[in-house]
Amino acid sequence: MSVRVRYAPSPTGLQHIGGVRTALFNYFFARANKGKFILRIEDTDRERYSEESLQDLYDTLEWLGIQWDEGPQMGDYGPYVQSQRFDLYQKYAQSLLDEGKAYYCFCTAERLDAVREQQKISKSKNQGYDRHCRDMDPAEALKRKEAGDACVIRLKVPLDGKTTFHDEVMGDISRKNRDVSPDPVIVKSDGFPTYHLANVIDDHLMGITHIMRAQEWIPSGPLHVILYEAFGWTPPKYCHLPLVMGKDGSKLSKRHGATSLKDFRLGGYLPEAIINYISLLGWSFDDSREFFTKEDLEELFTLKKLNKSPAVFDYRKLEWFNGQYIRLKDPESLKELLLPILQKDGVISDPVTEDEMGIFNGAFPLVRERLKLTTQVSEMIRFLFKDIDSYNSDDAIPKKMEASQVPGILDSCASLLEGFEDRNDEENEKLFYDKSVELGIKMGQILQPLRVAVTGTKISPPLFESIRLLGVEKAEARIRALSEQISKETA
RNA sequence: GUCUCCAUCGUCUAGUGGUUAGGACACCGGGUUUUCAUCCCGGCAACGGGGGUUCAAUUCCCCCUGGAGAUGCCA
């Protein structure tokens, strides 16, 4: 039987790193096995549903370059949006009702809260629903329902026995039925199914062969198996993926830093880096290789190399990967990524002028090997396009030197700029070196104030290159300006 | 509280009944470099504890400890 797997997110928030990892693994597994990757929208939570989340899901998958074989727009097992399958769930829930495997429950939220509260205080062994309505006469229940009493449908979980399922990663997992969630709601009072019901029905009807999802679902595994059995169906294979954690070891969340794919997308990360890094969270290939393109993974991915234990999300390693991929990217497409960022940050104009493009092209090779995030490009080369508003003169004063000495150094450097463009870097370097000898200071002490003057910061692309790109005239003006500023400050 | 799952450097991980326990990020040091970065070289650093099984356990079993997840008319 050929592999059919699905990613089934609920559009109730932005796509999360953890969700993306699940999507990726399902996708890779499908591709590696020449199977089908299905996208299903689990929008049964009408309260939290948002159009924006749905759009974010599509944006995310598109950005990552993940195509699904079946989903909302195409496929023979549709509809692939749960809200459009409403009647189907009704039908199956009814069949459970008819067979006495489910029942109507009229308990109010208030009563449920009170029960839970009580259980908490008394530290009761039984947690959760107290099965208050389980033994109500079905005829009476129906009558109440028809009279308009608000109700939900609950599954009758067997009181005895135990339920076991096999997990491809974890092995056998079993749970006593009395420890399974006590008679969970399968149809809500608004008529929509809960995750448990919808997911089981859809996975079965859509011919899903493997359920790959995060380990947080393990506890409800037995419940789902009970549901499959109630319908007389065979459950698919299970494969629970290790959780993605934050630095402190709890499930990754906003307080650990960026978690939505959108944050990373806007934050200057490349999809190549994200895909590569995320794939290494709970999965590995061998003892040394860790660079993988999407295409590699589509071929190499295997369940056998999945890990059992949770993985901590390491932002720094992701950044490192990102830097690597920036350097790996072919120059033209990297430029196409960088230009809009510079425009957005107001560094260059939109459309970009020929002059700006010339400067950018000159700065590009310098900036390319310095970026970890594409968004860093603006601060890195802003000085080439924009005037420097104000200097932090402390930056310009080298160690072991008095501020009052600096203007003199700057001024003598300014005069060295004459003919700068006609000389190569070595010749210029020699010139500055000779000057430093003349002044009795180190080369670094001469270059630091100069760098600050020209670029506005201590950290910059190579100085001579920067001067060349900026233009000698402007560079000289900046040097004089800084010199003046420091003179004033020390006066 | 109850249930379930997990446990190799700080982090991601490889690995085996007998290995100098390997790689990567981070960190530290050195080299290259006018700064930063890149790049190169080197270093630091791990089998949670206790019992078994065995000639031999990091590896197999049990207990403990630690961590996580679940315990919703959310998924």
Side-chain angles (χ1 to χ4, degrees), chain A residues 8-10 12-13 19 42-45 47-48 105 107 109 112-113 116 119-120 122-129 150-154 167 170-171 173-176 178-182 184-190 192-196 198-199 213-222 240 242-243 245 247 249-251 277 280-291 305 307-321 323 327 366-372 380 425 428-429 432-433 436 442-444 446-448 450-452 455 457-464:
Chain A
S10 80
T12 53
E42 307 219 329
D43 59 346
T44 55
D45 184 345
E47 303 258 315
R48 295 195 305 152
C105 166
C107 295
L112 263 19
D113 285 346
R116 262 188 287 271
Q119 286 166 340
K120 217 174 177 182
S122 66
K123 298 199 168 164
S124 162
K125 279 200 149 194
N126 301 320
Q127 297 280 318
Y129 184 53
C151 66
V152 300
I153 300 174
R154 288 182 183 272
D167 186 280
M170 224 67 84
I173 296 175
S174 63
R175 219 173 178 189
K176 293 192 193 78
R178 65 161 203 268
D179 292 327
V180 170
S181 177
V185 172
I186 53 176
V187 175
K188 308 180 228 184
S189 54
D190 63 2
F192 277 89
T194 58
Y195 170 80
H196 303 299
N199 141 276
R213 63 198 350 173
Q215 278 177 8
E216 56 189 325
W217 291 108
I218 287 182
S220 40
H240 287 93
L243 256 21
M245 318 284 250
K247 193 98 194 134
S250 65
K251 221 165 45 153
Y277 178 65
L280 264 15
L281 253 27
W283 184 85
S284 62
F285 181 68
D286 62 13
D287 63 345
S288 54
R289 180 171 175 190
E290 60 175 2
F291 269 84
K305 302 297 288 184
N307 222 54
K308 289 182 179 182
S309 36
V312 174
F313 191 88
D314 184 352
Y315 289 88
R316 290 193 288 191
K317 184 143 188 185
L318 204 215
E319 266 202 17
W320 175 79
F321 264 118
R327 257 143 258 139
L366 273 30
V367 103
R368 175 183 152 90
E369 55 192 281
R370 263 160 256 264
L371 291 173
K372 274 196 162 151
M380 220 169 259
D425 283 358
N428 280 318
E429 195 180 326
F432 281 90
Y433 179 75
S436 73
K442 286 189 186 150
M443 178 81 150
I446 209 169
L447 261 16
Q448 183 179 341
L450 197 57
R451 174 183 309 283
V452 171
T455 69
T457 159
K458 283 200 291 190
I459 298 168
S460 79
L463 179 57
F464 293 163

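Every chain is numbered from 1 and lettered A, B, ... according to where its sequence line falls, protein lines coming before strand lines.
Aromatic ring pairs are classed by plane angle as parallel below 30°, tilted from 30° to 60° and perpendicular above 60°; the pair A/F313 and A/Y315 is perpendicular.
Residue contacts for A/C151: at a heavy-atom cut-off of 4.0 Å it reaches no nucleic acid atom on any strand shown. Within 4.0 Å of A/S220, counting heavy atoms only, lies no atom of the nucleic acid at all. Across all strands shown, A/R289 has no heavy atoms under 4.0 Å from either base or sugar-phosphate atoms. Residue A/K251 is classed as a sugar-phosphate contact, given heavy-atom separations below 4.0 Å to backbone atoms only. Within 4.0 Å of A/Q448, counting heavy atoms only, lies no atom of the nucleic acid at all.
Distance, A/D45 CG to B/rA75 C1': 8 Å, rounded to whole Å. Distance A/R368 CZ to B/rA37 P: 19 Å, rounded to the nearest Å. Between A/M245 atom CE and B/rG69 atom C1' there is a gap of 8 Å when expressed in whole angstrom units. Summarising the geometry, the separation between CZ on A/R116 and C1' on B/rU71 is reported as 9 Å, rounded to the nearest angstrom. Here B/rG23 presents its P atom at 14 Å from CH2 of A/W320, a figure rounded to the nearest Å. Separating the CG atom of A/L318 from the P atom of B/rA26 is a distance of 12 Å, rounded to the nearest angstrom. The nearest whole Å value for the distance from the CD atom in A/E216 to the C1' atom in B/rA68 is 11 Å. If you measure from atom CZ of A/F192 to atom C1' of B/rA75, you get 15 Å, rounded to the nearest angstrom.
B/rG17: no Watson-Crick or G-U partner with both key distances under 3.5 Å is found in any strand. A 3.5 Å limit on both hydrogen-bonding distances identifies B/rG31 as the Watson-Crick or G-U partner of B/rC39. When both distances must be under 3.5 Å, the Watson-Crick or G-U wobble mate of B/rU2 is B/rA70.
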I would like to know whether A/Y277 and A/W320 meet side-chain contact (heavy atoms from CB on, under 4.5 Å); could you show each step before the answer? CA-CA 10 Å; A/Y277 178 65; A/W320 175 79; over 6 Å; no

Decide side-chain contact (heavy atoms from CB on, under 4.5 Å) for A/H240 and A/W217; before the verdict, give the C-alpha distance in whole Å, the side-chain angles of both, and the deciding distance to 0.1 Å. CA-CA 7 Å; A/H240 287 93; A/W217 291 108; 3.9 Å; yes

For A/Y129 and A/C105, run side-chain contact (heavy atoms from CB on, under 4.5 Å): C-alpha distance rounded to whole Å, both residues' side-chain angles, the deciding distance at 0.1 Å, then the answer. CA-CA 11 Å; A/Y129 184 53; A/C105 166; 3.2 Å; yes

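With values rounded to the nearest 0.5 angstrom, A/E47 atom CD is found 12.0 Å from A/T12 atom OG1. Here CZ of A/F464 is found 9.0 Å from CZ of A/R451. Values are rounded to the nearest 0.5 Å. Residue A/R370 holds its CZ atom at 7.5 Å from OG of A/S460, rounded to the nearest 0.5 Å. Considering OG of A/S284 and CZ of A/R289, their distance stands at 12.5 Å, rounded to 0.5 Å. Atoms CE and CZ, on A/M380 and A/R368 in that order, are 13.5 Å from each other to the nearest 0.5 Å.
Comparing B/rU13 with B/rG48, their P atoms sit 16 Å apart, to the nearest whole Å. Nucleotides B/rG15 and B/rG72 are separated by 38 Å at their P atoms, to the nearest Å. If you take atom P in B/rC64 and the same atom in B/rA56, they sit 26 Å apart, rounded to whole Å. When the C1' atom is used for both B/rC12 and B/rC27, the distance is 16 Å, rounded to whole Å. Spacing of C1' atoms, B/rU58 relative to B/rA46, comes out at 10 Å, to the nearest Å. Across B/rG66 and B/rC60, the matching C1' atoms stand 22 Å from one another, rounded to whole Å. When the P atom is used for both B/rC55 and B/rG50, the distance is 22 Å, rounded to whole Å. When the P atom is used for both B/rG29 and B/rC36, the distance is 13 Å, rounded to whole Å.
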Going 5' to 3' along nucleotides 3-15 of chain B, which nucleotides have protein heavy atoms under 4.0 Å from the base (write B), which only from the sugar-phosphate (write S), and which from neither (write -)? BSSSS---SSSSS

For every nucleotide of nucleotides 29-36 of chain B, 5' to 3': is a protein heavy atom under 4.0 Å from its base (B), only from its sugar-phosphate (S), or from neither (-)? -----BBB

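With the nearest nucleotide of RNA chain B identified for both A/R327 and A/S10, A/R327 has the one nearer the 5' end.
The minimum heavy-atom distance between A/P219 and A/Q215, with the atom names listed, is CD-O, 3.9 Å.
Closest contact between the side chain of A/V185 and the listed nucleotides B/rA70, B/rU38, B/rC73 involves B/rC73.
Among residues two or more places apart in sequence or in another chain, the side-chain hydrogen bond (donor to acceptor under 3.5 Å, both in side chains) test is passed with A/D314 by none.
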